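In what follows, a structure is listed as structure tokens, so that the remarks can point back to it.
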Protein chains: 2
Amino acid sequence: MDGTGAGRARTKGSVPTATISRLPGYLRALATLMARGVVTAPSGVLAEVAGVRPEQLRKDLSLLGAHGRRGVGYDVAGLRAELEATLGLTRERRVVIVGVGNLGRALARYPGFPDRGFVVVGLVDADPAVVGTRAAGLLVEPLERLDALVRDQEATVAVIATPAEVAQDVCDRLVRAGVRGILSFAPRPLQVPVGVDLRAVDLGSELQILAFHDHHRSGGGR
Amino acid sequence: MDGTGAGRARTKGSVPTATISRLPGYLRALATLMARGVVTAPSGVLAEVAGVRPEQLRKDLSLLGAHGRRGVGYDVAGLRAELEATLGLTRERRVVIVGVGNLGRALARYPGFPDRGFVVVGLVDADPAVVGTRAAGLLVEPLERLDALVRDQEATVAVIATPAEVAQDVCDRLVRAGVRGILSFAPRPLQVPVGVDLRAVDLGSELQILAFHDHHRSGGGR
DNA sequence: TAGATTGTTAATCGATTAACAATC
DNA sequence: TAGATTGTTAATCGATTAACAATC
């Protein structure tokens with residue numbers, strides 16, 4: 001019951017964030033199944049490969065408006081194309097990486113990015129010793145060039161791999177340059193305006209959380 | 001009301017995972033405040049620096065059994081020590097990294113690890129061309145040495161930075177060797193037995209989630 | 001048709017936010 | 001004491017799980 005609709009249950013804009021965060025996993029599972037030559041799969045099989053429960057997968061897909069066939073399952077290739085369209089992966093995304101230290105350099109070469117439709121089009125660093133060097137086939141440019149680079153290369157996504165101290169400043173610049181999504185590895189909370197999407201990965205925190213569970217000897221039984 | 005207790009509200013074991021995942025952020029905020037010479041801070045200030053709401057911070061701390069002073073706030077140094085004890089950071093944690101490609105190498109050198117009490121004590125790779133090379137002052141050892149390395153070095157935590165295909169096998173070996181926490185960067189869901197803690201970071205998925213929001217033009221207003 | 005599996009509604013669970021009495 | 005701020009309870013919200021009628 002959504003009152004608004006004339007009939008075409010669109011769902012757009014109302015997809016829960018938890019659902020969205022599982023879509024890349026579903027996509028990967030579908031790719032795996034396709035590679036195995038599987039044409040049709042019931043929710044149980046798909047969920048197993050994706051590492052979730054069948055009910056959750058069905059619920060997520062129904063929230064998206066994707067459909068399977070009762071008594072049969074889901075069309076693997078069809079669903080994959082549908083999810084790719086939902087995630088906007090039909091268009092190539094252009095990425096700028098700011099901070100070309102060990103981590104930034106590793107990310108520039110990370111094969112998982114091109115594999116999933118992301119092209120690194122620019123590298124930026126504040127250190128004069130790093131500027132002018134090459135990484136992953138790209139010339140590292142100075143911080144002053146950030147704005148021009150984002151615009152010229154039409155980058156819509158950026159990765160922040162700088163020290164924490166400068167991360168907010170870099171973030172502000174990226175937003176001003178028109179970037180719409182930011183993935184930050186800086187161990188510090190960042191502020192972005194509404195309309196810009198920020199995701200943060202804090203590697204040190206991840207280890208500390210593991211330490212907590214270790215420390216408290218989780219689980220008694222097997 | 002927990003029925004069990006005689007009086008000493010211990011809370012141990014019943015801390016929500018959402019709360020635990022925020023503790024490293026609180027710890028960072030406290031370190032920042034201490035560096036600024038702040039001795040006492042109310043929840044509003046602490047929460048602001050940590051990037052959360054004051055009510056949530058107070059709730060989290062109360063679930064942990066940490067206490068502030070009404071009308072005054074929290075003792076920065078004291079709370080920090082308390083959280084470090086809760087997270088088990090009083091003891092140094094020893095980490096093995098499996099997979100010494102670009103990402104593994106970057107993680108081996110990542111300053112955020114030693115900064116937070118983690119020491120990388122071993123590097124392992126399956127590629128004969130990589131074995132025997134040095135990274136971050138450590139010799140890369142072959143996969144066969146994994147078990148002995150974990151035991152000899154008393155590593156309790158491991159990082160998986162291998163290709164997806166071998167990740168589950170590496171994971172199984174790590175578990176057998178006695179590792180209690182695993183941080184995986186492999187783009188594939190992994191299975192671990194109860195009692196072992198697994199956290200997974202999938203860099204490609206993070207970008208795809210950003211792409212979704214970009215694609216669907218989030219937020220209308222400012 | 002009979003069997004299988006979806007799509008959806010309802011029930012449960014967990015986490016966040018709000019409100020305020022306790023108390024420093 | 002008066003003012004400020006905690007600690008906790010209650011209300012809300014969102015997400016997961018269960019159950020099952022619809023239907024291929």
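These numbers come from a predicted model, not from an experiment. Below, read A as the first sequence line, B as the second, and so on, with proteins coming before strands; counting in each chain starts at 1.
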Selected nucleotide, minimal atom distance to B:R70 side chain, candidates C:dT16, C:dG7, C:dC24: C:dC24
May I ask you to evaluate whether A:H67 reaches the phosphate of C:dT6, defined as a side-chain N or O under 4.0 Å from OP1 or OP2? no
Let me know the distance between CG of A:L63 and P of C:dG7, rounded to the nearest Å. 12 Å
To the nearest 0.5 Å, what is the distance between CD1 (A:I209) and CD1 (B:I20)? 8.5 Å
In this structure, NE2 of A:H67 is separated from CD of A:E82 (nearest 0.5 Å) by 8.0 Å
Please check the phosphate of C:dT5 (OP1 and OP2 only) for any side-chain N or O of A:S43 closer than 4.0 Å. no
Measuring from the side chain of A:Y74 (C-beta onward, heavy atoms only), which nucleotide among D:dT8, C:dA10, C:dG7 has the closest atom? C:dG7
Gap between atoms CD and P, on B:E55 and D:dA11 respectively (whole Å): 17 Å
Interatomic distance where CD belongs to A:Q56 and P belongs to D:dG14 [whole Å]: 17 Å
Nearest 0.5 angstrom please: B:L61 CG to B:Q56 CD, how far? 10.5 Å
Considering residues, nucleotides and ligands other than B:E92, do more than 12 of their heavy atoms fall under 6.0 Å from its CD? yes
Rounded distance in Å - CG (B:L61) to P (D:dT5): 16 Å
Find which nucleotide of DNA chain D each of A:G71 and A:D60 is nearest to by heavy atoms, and output the residue with the more 5' nucleotide. A:D60
For DNA chain D, which residues in residues 75-86 of chain B have a heavy atom at a distance below 4.0 Å? none
I want to check something: taking the side chain as every heavy atom from C-beta on, are A:T156 and A:R91 in contact at a cut-off of under 4.5 Å? yes
When you get a sec, tell me which of C:dC24, C:dT8, D:dG7 is the closest nucleotide to the side chain of B:R69? C:dC24
Quick check: do B:L143 and B:V166 have side-chain heavy atoms less than 4.5 Å from each other? no
Between the side chains of A:D147 and A:R151, is the shortest nitrogen-to-carboxylate-oxygen separation below 4.0 Å, so that they form an ion pair? yes
Rounded to whole Å, the CG-P distance (B:L57 to C:dA15) equals 17 Å
Using Watson-Crick and G-U wobble pairs with both distances under 3.5 Å, what is the 5'-to-3' dot-bracket string of DNA chain C, with [ ] for crossing pairs and | for pairs outside the strand? ..||||||||||||||||||||||
What's the closest nucleotide to the B:T17 side chain, out of C:dT8, C:dA15, C:dT17? C:dA15
Nearest-angstrom distance from the residue atom CG of A:L23 to C1' of D:dA15: 15 Å
Using heavy-atom distances to pick each residue's nearest nucleotide on DNA chain D, tell me which of A:A18 and A:V72 is more 5'. A:A18
Is a side-chain donor or acceptor of B:Q168 paired with a backbone partner of B:Q191 at a separation under 3.5 angstrom? yes
The nucleotide from C:dT5, C:dC24, C:dA18 with an atom nearest the side chain of B:R53 is C:dA18
Any base atoms under 4.0 Å from B:R58, or only sugar-phosphate, or nothing? Heavy atoms, all strands. base
Are more than 12 heavy atoms, taken from residues, nucleotides or ligands other than B:Q153, located less than 6.0 Å from that residue's CD atom? yes
Proximity to the side chain of B:K59 - top-ranked nucleotide from D:dG7, D:dA10, C:dT8: D:dA10
Is the shortest side-chain N to carboxylate O distance from B:R80 to B:E84 below 4.0 Å? yes
Spacing between B:I20 atom CD1 and C:dT16 atom P, to the nearest angstrom: 12 Å
